[in-house]
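To start, the structure under review is shown below, and the notes come after it.
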Number of protein chains: 2
Amino acid sequence: MAKVKAEVGGMPGPATKMPGSTPTGGVGLRDVARAVGVSTATVSRAINRPEVVSPELRERIALAVAELGWIPDGRARAFTTGRSQTIGAVFPTLGLGDFPRAANAIQRQLLDVGYTLLLACSEYDPDLEFQQVRKFAERGVDGVILVGLAHHPDLLPFLKQRNLPFISSFIYEPAIHGSCVGPDNHKALVTMTDYLADLGHVRFAVIAQATENNDRASARLAGIRDALALRGLAVRPQHLAIGTWTIEEGRRLFAQVMATDPRPTAIICGNAPLAIGAVLEALATGRRVPEDVSIVGYDDIEIMSHLPVPVTTVRVPGEEIGYRAARLIVDRVEQREPDYPLESEAEIVVRASSGPPPKD
Amino acid sequence: MAKVKAEVGGMPGPATKMPGSTPTGGVGLRDVARAVGVSTATVSRAINRPEVVSPELRERIALAVAELGWIPDGRARAFTTGRSQTIGAVFPTLGLGDFPRAANAIQRQLLDVGYTLLLACSEYDPDLEFQQVRKFAERGVDGVILVGLAHHPDLLPFLKQRNLPFISSFIYEPAIHGSCVGPDNHKALVTMTDYLADLGHVRFAVIAQATENNDRASARLAGIRDALALRGLAVRPQHLAIGTWTIEEGRRLFAQVMATDPRPTAIICGNAPLAIGAVLEALATGRRVPEDVSIVGYDDIEIMSHLPVPVTTVRVPGEEIGYRAARLIVDRVEQREPDYPLESEAEIVVRASSGPPPKD
DNA sequence: TTGTAAGCGTTATCAT
DNA sequence: ATGATAACGCTTACAA
C-alpha cells in the first residue's frame, strides 16, 4: 500500500497528483525499500547489479518485489540514466517483401538484449520519415534504424546534432561500412541480369517502382543498366514501366510492355507484387512462361515458389538483415565494434519462370 | 551552450554526468528560458498551453526554440506527467492477413493524435505476449492493444492491477462492448457456411490453424459447426485438418483432406495462406475449382483476387479495425466515450472459387 | 500573465 | 556492503 498519499478524508488539499494511471501500479522503489527495511539505493543495486549486494538481502528484496508486484518505472529509469533501452525503426511500409520478416527479427533480437522496438512507417515519404524520426528523438530512443540511404536532407544533420546513432538497412555500401547492413542491391541485379543475358536474352523490359526517394530501387535499376551496358545493350524507353508495388500494377504494366514492338523477351520486376502480377497476367492472357517470355522478380516471399509457374527471383535474407540490424544498432549505441558481417548476400533463386528467349 | 556544467579545467570534481548521448541535443528548457530571459515555467506553458502566455513572449520563445533546435525530452515529460503518449500493441505476427494493414493504420492514427506506437509480436505464444506487455508496462505505455481474447491467465490481472487500459482487436463480443473492436468471427463464418450450404454443399472440410490460444480461430470454427448443426450437418473428423499459416501447409492439408472417402465438396480455410495453398494445390493436381471442389478462405489480401481462380473469402476491414483500435484505446486512456461503431462488418466476397457441388 | 519551487522514481556519488 | 542524498528536465500548483 503506502503510496496512499496524504488526505484520506477527501479534503481539497494540495490535490493528489494522479494525472494518469500510475505507471508501475502504485508501488515504487521506496515501497520495496521500506518493506524490506533498506534504502532505495540498495534495492536499486539489487536489481541492477545483484552481485554487489549480500545474498541475504538480495533474497529478501526479490521476495518483496514479487510480493508487491513492483516493476521498475522505465520512464524514471530512462530519465535518470539518459538511456531508454529503446530503438526506433522507420520502415517504408509493412506488408511488402521482407519487411515484416525483418521487423519481426529486429524486435525479437532487441528483446533478447533488453531493448524495445518503436516501429513506424514512412510510406516512402521522406517528410513523414523525418517526422517519425523526430518523434522518436522526443521519445528518447537510443538509436534509429532506417531503410536505405535516401532521406530528407535535414534528417542526417538532425541525428548528427543530437548524437543519435543510426544505421541504414536493406542496403550495403562499402563506403559507409559500419553503418549499413543488407545486400548490395546493385550487385544483385547485375547478377540477375547477367543470368538472363547468358540465357541469350537481348530485349529486356523493366517493371519497377519509382526510384525517387528510393535509392534501393535506383541501385537495382542501375545494376540492370550497367550489366546490360557491358554487353552493349540497353533497356528501350518503352520497355521501362514505372509503378507501385501491387499485383494489380504488375498486371497492368506487364500488359503495357508486352504491347510494344519489338516485344521484350525478359522482364525484370522490381518487387514481388509486380512480379506476381506479371506472371499471373501472362498466364491469364495465354502466354507461356518462360517459353514466350521470361519473368523474374525481387524478394522471395512464399508465394513466389507456389504460383503455377514458380518465379525466379532475388532472395534477400530479411530475417538475417533484421537480426543484424538490431545487433548493429545496439552495438553502435553501446560503442562496441560489430564482429559479424554486415553485407548480406542476395542470391538468385532460379525457378521455372525464366529460360532461354523464344527463337522467333 | 550553457550545459557545460562546472569544471572547465578538467578537475575530477563531481564527475560530469554524460551516461549516454544527450537525448535532446544538449539544450534544455532552461537554456531556452535563459536565452529569452524568462522562467522555465513560461517556456513550458508556451509549449503546452500557448493561449496562456502573451503573444509577444510566445513569439520570442518560439524563435529561441527554433534557434537552439530544442525539442522536448519526452522521457522527462513522461516522467513528470505520468503519461508517455505511447501505446503498445502486441500482434501475433506481422505479415499475415490484415495485420500489417492494421498495424499501419494504428500507427498513422496514433501519430495524428500525438501518440507513438510500440509494436511487438507474440508469435501466437501467450507467454511471449505477456512478456511483451510487461515490457510495455515498464516502458510506461498509456494503453495496450491486444489481438483476440485468449491471453495468458495473468495478463489481464496484471493490466488491471496497474490500471492500464487495454482493448482487444480483431474480435467483437457484445458482452465486452467498449473494450473490443473488430468483426464477429463467429458470425462471419456462419454466413460463409450458410452461403456454401445454400449452394448445396453437404460434405464440408475445414483447413485451419490450431485453436489453442487463438479464440478468433476457435470462433470461426464454432461458426462453421453451429451453422452446419442447424442443418443437421457436421464436419467429419477426417475432414478437419489443423495446421499453421503457410501456403505450403495449405497444399499439404488440401491433399490430405481430398484423399479421404467420401471426399468433401467444399473446403473452408481458416486463413489466407491456407486458402492460397489449397487452391494452388487443387490446380496443380488437375482439379477444377469450383466444379470439382469449392474452396473459400479468410482475409481478402490482394493475391486472393488474382490467382488463376480468384478466391471467395471473408473480407475483414483491417484498415478500419486498426484505425478504430487506435481511436478506442486513446479514448479509453483519455476517458472519453467512443462515438463510433466498434463492430466491423466482415463481408463475404464471392469469387470464382466457390460454386455448387459436383453432381457425382 | 509570469515567476518560484516542489516534486516525479530512479540511479549514482560519496560517505560510512 | 549499505545508506543518505543530489541530480535528471520537465510540469504544475501557488504566489506575486
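As the structure is a prediction and not an experimental result, all values here were calculated from the model. Letters A, B, ... are given to chains in the order of the sequence lines, protein chains preceding strands, and every chain is numbered from 1.
- Of the side-chain N and O atoms in T42(B), none sit less than 4.0 angstrom from OP1 or OP2 of dT2(C).
- Side-chain proximity of A41(A) to the nucleotides dT11(C), dA5(C), dA12(C) is greatest for dA12(C).
- Considering only side-chain N and O atoms, S44(B) lies under 4.0 angstrom from the phosphate OP1 or OP2 of dT11(D).
- Scanning for ring-ring contact (aromatic ring centres under 6.0 Å, His included) contacts around Y124(A) gives W245(A), with sequence neighbours left out.
- Distances from the side chain of T80(B) to the nucleotides dT2(C), dT13(C), dC8(C) place dC8(C) closest.
- Each of dG9(C), dT2(D), dA5(C) was ranked by its minimum atom distance to the side chain of T40(B); first place goes to dA5(C).
- Here the CD1 atom belonging to I321(B) is positioned 12.5 Å from the CG atom belonging to L328(B), to the nearest 0.5 angstrom.
- Taking only side-chain atoms of R30(A), from C-beta outward, the nucleotide of dA1(D), dC10(D), dT10(C) with the closest atom is dT10(C).
- Classification of the F99(B)-F170(B) ring pair by plane angle, with boundaries at 30° and 60°, yields perpendicular.
- Close to dT11(C), at under 4.0 Å from its OP1 or OP2, lies a side-chain N or O of R77(A).
- The CG-C1' distance, from D73(B) to dT10(C), rounds to 15 Å in whole Å.
- Distance F79(A) CZ to dT10(C) C1': 10 Å, rounded to the nearest Å.
- Two residues, V43(A) and S39(B), neighbour DNA chain C, and the one matched to the more 5' nucleotide by heavy-atom proximity is S39(B).
- Among the nucleotides dG9(D), dT11(C), dT12(D), the one closest to any side-chain atom of A76(B) is dG9(D).
- The stretch residues 45-54 of chain B participates, sequence neighbours left out, in these side chain to side chain donor-acceptor pair (under 3.5 Å) pairs: S44(B)-N48(B), N48(B)-R77(B).
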